[in-house]
Peer 1: 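Structure below; questions to follow.
On a predicted model such as this, the values are computed, not experimentally measured, just so you know.
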Amino acid sequence: MAKDLVDKYKNRSCFYLLVKCRSIVKEVQDVTRNIGRSLAALSLASTEILSDITDNINKLHGEMQRAVFEASQSQLRVVERLEEGLREQIRDQGFANIMLEEIARAVSVPVEPSEISEELARLRNEKEEAAERKERVEAHFLEQVIELLSRADAANNLEQIRSQYYRRMETAEKFVSGEYIPPLEAFLCPIEGTVMVDPVSLCTGTTCERTAIEGWLQSGNITDPVTNQPLDEFTIRSNILLRQSIEEWRELNYCLKIRSAKLGFTDGSDSACERSFVTLQEIVKENKVNKDWIAIDGLIEVILSFIGTSHNKNLKSKALVTLLAITEQHEQNKDRVVEAGGIDHIVLCLSRGQIMSKPAISLLFEILHVSTKWNDSVCGKLKQHNSVVLFLVMLMKSTDRESAEKSEAILLKLCDDDDEIVSRAAAANWYMPLIDRLCRGPESSRICMARVITKLELIDQNIQLLGEEGVIPPLVEMASENLESKELALSALAKLSSCLENRTRIISAAGLCSILDQMFSSNSPTIIIVKCSEILERLSSVESIELFLDNNGLRLQLEPIVTNLVEMLQKSFLSARIKKPALHILLNLCKFGELHAEEMPAASMVLHLLEAPDREIREVALKLIYLLARYKPEGISEFLLAKRMLETFTAFLDDENRADLQIAAIGILAFIPKSEVALTQCMTNLEMLPLLLNILRNGAMEAKENTLSVLSRFVDPSDIKMQLIVARMGLFSLLVTLLMSGSIAAKARAAALLGNLSLNSSKLTVLPANTGCWCFRRPSVPVCKLHGGICDATSSLCLIQANALPSLVKLLREVHDHVATYETLKTLGTLVQEDAPYQGAKVLHDAGAIAPMLDVFKWGSSDLIELVLGILEKLFKVHEVADFYYSDAKMPLIGLSTRSNENGILGLKAASVLAELERYSKSRSMPLLGA
């Protein structure tokens with residue numbers, strides 16, 4: 001039995017041994033156990049047999065009877081999957097390809113057409129032998145296996161297929177002139193009336209479709225469906241000859257349809273081409289052999305040519321769908337498409353709207369696969385198309401989910417181990433592979449990805465997106481590695497730090513301290529310092545200065561950073577690429593870092609940068625000096641005079657297009673003490689006054705405020721000549737305008753300047769001369785109601801003639817600001833002379849200035865109240881004023897004087913003014929004019 005078993009299977013095909021492995025193993029197990037039982041029949045009682053041999057035979061006898069044999073699990077899995085597919089009648093080419101590949105791998109047969117054809121031929125012989133042995137179950141099973149595996153691409157012998165097609169086409173063209181051969185009557189199922197696919201015969205000789213007759217018998221019918229003759233038996237047998245005839249009839253019609261489709265493409269009309277596409281799709285769906293026949297007749301190349309030349313999007317879409325049907329799970333046809341340059345046409349269709357892109361991406365996805373695996377060769381060819389990555393990224397973001405998923409899958413495959421494709425994907429705004437390489441790739445890939453980021457042209461939205469997707473931490477980590485990694489990582493971080501959220505991420509990744517250490521390290525190359533300074537410049541901006549935290553989340557001490565920056569800027573050999581960002585950082589820290597005054601560097605430490613050849617450095621230095629001069633202005637005047645830098649300042653003051661520089665330049669001059677007389681003289685010599693007045697006319701408000709501070713040099717009461725010069729240049733009208741429309745600070749400074757000018761008005765007033773006798777006098781010249789003489793704004797600096805008084809009174813009444821009110825009161829006080837207060841009192845009364853002075857008692861500080869008391873002390877010497885304001889002034893003065901212990905000198909002065917008010921108000925002189 002064992003020998004027969006070996007003889008039975010030793011020459012069988014590999015495929016047969018696999019698909020029958022379970023039954024073969026069972027037979028081997030049975031014969032082994034039989035041998036074991038046979039050992040019991042041996043006579044072992046002879047004394048000539050050694051006892052150990054007897055023991056071994058007995059042991060073997062037991063083991064062989066209990067022997068269990070099993071096929072390998074890998075082989076069983078293949079067989080089970082095959083049987084499941086047969087039970088579920090899975091017949092598609094994809095499943096056939098998979099099964100053929102798994103069976104071949106399991107039995108170590110190369111997946112080559114010649115090898116596969118040989119194995120299938122041997123399997124057909126096995127089937128025929130089983131049929132001869134009347135083993136119908138095995139023959140039917142092998143037939144099903146052969147039919148399935150024959151559908152696989154590797155099972156097709158192209159020469160045989162070509163020969164068969166040409167024979168069929170020759171027959172069709174020889175005997176048929178039309179496009180369709182009608183079926184013979186014998187081809188039709190008598191039950192269903194349709195052409196049969198799997199004809200089977202009954203014992204009566206009637207032939208029907210297998211599924212139809214099975215349904216007939218299962219319904220309880222026991223007669224022939226055609227003759228109604230009772231059936232003696234219910235066995236059904238395949239009618240192989242009829243099935244072959246039907247298949248031949250179908251194949252002839254397929255040939256005719258292929259010929260018709262080809263003629264439709266030749267016709268060239270849209271309708272003919274559309275019919276051809278429909279025809280090809282139908283016949284491919286009916287029988288997979290048509291994929292080969294269509295290819296053999298050259299229609300793949302015809303369809304590709306159509307896709308490349310047609311302008312009809314709908315037809316091109318149908319062409320793509322047809323090509324997909326022809327190539328689906330057919331490796332040879334995929335190769336034909338690639339060899340015919342089809343990838344070029346397909347790639348172009350990816351960008352032509354969803355009607356074309358959807359079938360195009362499906363076709364491309366199919367062509368890139370061999371069975372379930374990627375075709376690396378075709379993927380390599382696809383990479384050569386410069387635009388394919390951009391098109392795939394666009395499709396990946398489309399609303400069609402299937403197209404998006406296939407596009408992403410293709411992109412991921414193309415990006416696999418290809419940094420160039422990753423770079424192109426990032427340039428198309430798809431960053432996932434780049435970030436993945438940066439986080440988890442080898443050092444060479446990480447360096448490459450960092451370089452890619454530095455070269456990308458990114459909009460703000462994409463810069464933020466890169467940060468959100470996690471690119472910052474690996475870059476911060478790279479910034480502490482070797483020089484190449486460090487340079488590229490810092491360059492990338494410099495670009496990404498333009499986004500506020502990314503600055504937060506840099507600091508959260510412990511990047512700030514590392515950047516500071518490298519920037520100020522004496523061992524850092526220039527390029528590293530440059531990149532660190534660029535990043536630090538962004539981090540120090542007003543939006544992110546509060547993020548200046550160490551690795552523990554604590555606020556960094558800014559003073560050491562400021563000190564290091566100042567020391568760095570002292571180096572004469574320092575590159576301008578470092579000076580620029582370093583200056584910006586220092587400016588930002590001093591401006592937004594909330595440093596105390598003592599922590600600020602002296603302005604003199606950066607004055608030398610005003611002489612730098614680079615314009616941007618000079619401009620930033622100017623802004624920084626303006627900021628520092630507020631706290632430590634020492635040395636600025638000497639530098640400006642020694643270096644003749646005022647000419648440079650003149651250029652800044654004259655540039656109306658750069659308000660920031662104008663503000664800084666005039667602001668620096670404003671912070672220099674007025675005691676620097678040499679600076680005033682130099683400014684006069686350089687004729688800077690017209691520039692200053694022009695800023696009052698056209699400059700920004702901050703520039704006007706600073707200019708007013710500078711002009712205080714030119715309106716010093718001790719220099720009447722200079723006061724007259726600036727008055728003649730139109731200063732009065734500009735000051736009055738600022739009183740009405742300037743900022744609070746500008747109004748306060750304008751009021752102060754008017755006060756300085758007003759101090760010399762009485763000295764410059766010209767008294768009118770009396771000429772001729774009284775009856776022949778010329779008409780009198782109008783005299784100033786304040787000074788009693790001939791006044792004007794330019795010759796006598798008179799506030800009344802300059803029409804400044806209404807604006808001053810309005811300022812006093814409406815603006816409750818300490819500085820503005822203080823300067824306004826001082827200026828109004830210049831109108832009341834100590835020895836002759838009447839005219840001044842009348843003017844202030846008529847202008848309504850006294851009532852708002854009294855209001856200051858309600859809200860003003862002690863300094864303001866003291867100033868008001870000083871003015872009232874002069875005003876109340878005028879009986880009419882004292883009497884008119886008695887009721888309004890009495891109670892506030894009593895309140896101040898009764899708390900003299902609390903108010904000190906202020907209370908005593910209030911008591912003195914109250915006494916004067918009481919004294920002068922009791923005298924009932926003539927009322928004030930206009931009261």
Side-chain angles (χ1 to χ4, degrees), residues 19 82-92 96 120 123-151 164 167-168 171-172 174-176 178-257 282-290:
V19 298
L82 174 64
E83 291 175 346
E84 182 183 2
L86 295 176
R87 280 196 307 272
E88 296 180 3
Q89 297 186 348
I90 301 175
R91 297 291 189 270
D92 64 89
L120 288 178
L123 194 60
R124 289 189 183 94
N125 291 334
E126 310 286 359
K127 189 260 300 184
E128 292 173 359
E129 290 175 4
E132 290 176 359
R133 294 192 301 269
K134 306 297 183 180
E135 296 175 358
R136 294 177 179 175
V137 174
E138 180 172 327
H140 180 65
F141 172 72
L142 292 177
E143 184 178 8
Q144 288 181 303
V145 173
I146 293 167
E147 182 181 1
L148 173 65
L149 298 183
S150 297
R151 295 174 180 271
Q164 181 186 10
R167 286 199 307 272
R168 291 282 187 266
T171 302
K174 186 174 182 180
F175 297 104
V176 181
E179 297 182 1
Y180 179 71
I181 303 172
L184 300 176
E185 185 69 25
F187 293 174
L188 302 178
C189 173
I191 298 175
E192 294 180 337
T194 58
V195 177
M196 291 179 283
V197 176
D198 186 8
V200 292
S201 299
L202 295 170
C203 62
T204 58
T206 300
T207 302
C208 304
E209 176 64 37
R210 180 184 295 274
T211 56
I213 193 60
E214 287 175 349
W216 170 271
L217 297 175
Q218 289 172 3
S219 299
N221 295 303
I222 59 174
T223 59
D224 185 300
V226 176
T227 64
N228 286 327
Q229 177 183 349
L231 297 174
D232 296 333
E233 58 174 312
F234 301 101
T235 304
I236 56 176
R237 299 175 182 81
S238 295
N239 192 330
I240 296 175
L241 291 176
L242 180 58
R243 183 172 65 182
Q244 290 175 346
S245 298
I246 293 173
E247 287 176 355
E248 183 178 356
W249 166 79
R250 281 198 171 92
E251 289 173 355
L252 289 172
N253 275 320
Y254 292 150
C255 291
L256 294 175
K257 289 181 178 181
E282 288 175 350
I283 64 173
V284 165
K285 186 176 181 181
E286 289 178 17
N287 195 322
K288 304 304 179 185
V289 73
N290 290 313

Peer 1: Should Arg250 and Asn290 count as side-chain neighbours, where that means a heavy-atom distance under 4.5 Å?
Peer 2: no
Peer 1: Working to the nearest 0.5 Å, report the span between CG of Leu231 and CD1 of Ile213.
Peer 2: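 Spacing of CG (Leu231) from CD1 (Ile213) equals 7.5 Å.
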Peer 1: Shortest non-hydrogen contact from Pro199 to Leu242?
Peer 2: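 Scanning both residues, the minimum pair turns out to be CB-CD2, 3.9 Å.
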Peer 1: Once rounded to the nearest 0.5 Å, what's the spacing between atom CD of Glu135 and atom CD of Glu129?
Peer 2: 10.0 Å
Peer 1: Between Phe234 and Asn221, is there a side-chain heavy-atom distance shorter than 4.5 Å?
Peer 2: no
Peer 1: Could you report the tightest heavy-atom contact between Ala131 and Ala139, atom names first, then the distance?
Peer 2: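 In this case the closest contact between Ala131 and Ala139 is N-CB, 4.0 Å.
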Peer 1: Give the minimum heavy-atom separation between Asp198 and Arg210, together with the two atoms involved.
Peer 2: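 In this case the closest contact between Asp198 and Arg210 is OD2-NE, 2.6 Å.
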Peer 1: Looking only at heavy atoms, what is the nearest atom pair of Pro182 and Trp249, with distance?
Peer 2: O-NE1, 3.4 Å
Peer 1: Would you compute the distance between atom CG of Leu123 and atom CD of Glu128 and round it to the nearest 0.5 angstrom?
Peer 2: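 Answer rounded to 0.5 Å: 10.5 Å.
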Peer 1: Using the rule given for side chain to side chain contact (heavy atoms under 4.5 Å, CB included), can you reason through Leu188 versus Val195, listing the C-alpha separation, both sets of side-chain angles and the distance that settles it, and then say yes or no?
Peer 2: CA-CA 4 Å; Leu188 302 178; Val195 177; 3.7 Å; yes
Peer 1: Can you name the one residue among Ile283, Val289, Val284 that meets side-chain contact (heavy atoms from CB on, under 4.5 Å) with Asn287?
Peer 2: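 In the set Ile283, Val289, Val284, the residue that makes a side-chain contact (heavy atoms from CB on, under 4.5 Å) with Asn287 is Val289.
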Peer 1: Charged N to carboxylate O below 4.0 Å: is that the case for Arg243 and Glu147?
Peer 2: no
Peer 1: From Asn253 CG over to Arg168 CZ, what is the distance, rounded to the nearest 0.5 angstrom?
Peer 2: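 CZ of Arg168 is found 12.0 Å from CG of Asn253.
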Peer 1: Would you find more than 12 non-hydrogen atoms of other residues, nucleotides or ligands less than 6.0 Å from Arg237 atom CZ?
Peer 2: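 Yes, the 6.0 Å shell around CZ holds more than 12 heavy atoms from other groups.
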Peer 1: Going from CD on Glu209 to CD1 on Ile191, what distance comes out if it is rounded to the nearest 0.5 angstrom?
Peer 2: 9.5 Å
Peer 1: Locate the shortest heavy-atom distance separating Met196 from Cys189; write the atom from each residue and the value.
Peer 2: CG-CB, 3.6 Å
Peer 1: Compare every heavy atom of Tyr180 with every heavy atom of Leu256, then report the nearest pair and how far apart it is.
Peer 2: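 In this case the closest contact between Leu256 and Tyr180 is CD1-N, 3.9 Å.
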Peer 1: Quick check: do Cys203 and Thr235 have side-chain heavy atoms less than 4.5 Å from each other?
Peer 2: no
Peer 1: Just verifying a value: how many Å separate Arg133 CZ and Arg136 CZ, rounded to the nearest 0.5 Å?
Peer 2: 14.0 Å
Peer 1: Is there a side-chain contact between Leu148 and Leu82 in this structure, where contact means two heavy atoms from C-beta onward sitting under 4.5 Å apart?
Peer 2: yes
Peer 1: Check the pair Leu202, Ile236 against side chain to side chain contact (heavy atoms under 4.5 Å, CB included), reporting the backbone distance first and the verdict last.
Peer 2: CA-CA 5 Å; Leu202 295 170; Ile236 56 176; 3.7 Å; yes
Peer 1: Can Trp216 and Thr223 be said to form a side chain to side chain contact (heavy atoms under 4.5 Å, CB included), step by step?
Peer 2: CA-CA 9 Å; Trp216 170 271; Thr223 59; 4.0 Å; yes
Peer 1: Look at atom CD of Glu185 and say whether more than 12 heavy atoms of other residues, nucleotides or ligands are closer to it than 6.0 Å.
Peer 2: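 Check fails, neighbour count at 12 or below.
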